[in-house]
Amino acid sequence: MEKANSKILTISFALAGILVGLTVSLLIKAFAGAFGVVARAADSDMVRHGIPVLAGFALFAALQFNPRVQAWGEEVVSEIRKVVWPSRKDTTAMTIACVVMVLISSVIISSFDLISGFLINFLMK
């Protein structure tokens with residue numbers, strides 16, 4: 001079980017690093033459009049590709065090799081394994097109930113809006 005948890009944590013940390021790298025890349029592109037200094041720096045491949053890769057790898061390394069983060073991740077994975085997930089039938093029933101309640105509340109709110117609109121128009125004339 002320990003080995004499976006460490007694989008899950010490593011994949012999760014790698015995905016977090018990828019997301020950070022993507023975010024940094026998008027921020028560089030956005031700031032390059034807004035600031036001339038960043039646009040000149042973004043012309044360099046090292047800035048455009050290297051900084052996002054380094055940021056993602058740095059986050060991955062910081063998460064992967066920090067014992068406190070590893071202990072926290074082990075606890076999270078072990079707690080998630082204890083969760084009893086609802087069956088497909090239960091999920092479908094709860095989704096239908098939720099959709100019905102949203103439709104009912106939208107009809108009620110729309111009718112209040114329609115009535116108050118008519119009253120305000122009547123009072124304004």
Besides V53, the hydrophobic cluster formed by Ile, Leu, Val, Met, Phe, Trp and Tyr side chains linked at under 4.5 Å, directly or via other members, contains none
In short, side chain to side chain donor-acceptor pair (under 3.5 Å) pairs touching residues 37-56 with sequence neighbours left out are D45-R48
Can you tell me how far the CG atom of L15 sits from the CZ atom of F60, to the nearest 0.5 Å?
10.5 Å
For K89, what residues pass the salt bridge (Lys or Arg N to Asp or Glu O under 4.0 Å) criterion, not counting sequence neighbours?
none
If you measure from CD1 on I80 to CH2 on W85, what distance do you get to the nearest 0.5 Å?
5.5 Å
Taking the hydrophobic residues Ile, Leu, Val, Met, Phe, Trp and Tyr, and joining any pair whose side-chain heavy atoms are under 4.5 Å apart, which ones share a cluster with L114?
F118
Members besides V102 in its Ile/Leu/Val/Met/Phe/Trp/Tyr cluster (side-chain heavy atoms under 4.5 Å):
none
Return all side-chain donor-acceptor pairs below 3.5 angstrom for residues 19-31, not counting sequence neighbours, or 'none' if the list is empty.
{"residue": "T23", "atom": "OG1", "partner": "L19", "partner atom": "O", "Å": "2.7"}

Under 4.5 Å between side-chain heavy atoms, chaining through other members, with only Ile, Leu, Val, Met, Phe, Trp and Tyr counted: pull out the rest of the cluster around L119, sorted by chain and number.
I115
Under the side chain to side chain donor-acceptor pair (under 3.5 Å) rule, collect the residues that match up with K82, sequence neighbours excluded.
E79
Considering all heavy atoms, the nearest V47-A41 contact:
CB-O, 3.2 Å
Please identify each residue that fulfils side chain to side chain donor-acceptor pair (under 3.5 Å) with D113, with sequence neighbours left out.
none
Pairs touching residues 91-103 that satisfy side chain to side chain donor-acceptor pair (under 3.5 Å), sequence neighbours left out:
none
So which pairs with a foot in residues 54-64 pass side chain to side chain donor-acceptor pair (under 3.5 Å), sequence neighbours left out?
T10-Q64
With sequence neighbours left out, which residue pairs that include part of residues 99-109 fulfil the side chain to side chain donor-acceptor pair (under 3.5 Å) condition?
none
The single option from E74, Q70, E75 that satisfies side-chain hydrogen bond (donor to acceptor under 3.5 Å, both in side chains) with N5 is E74
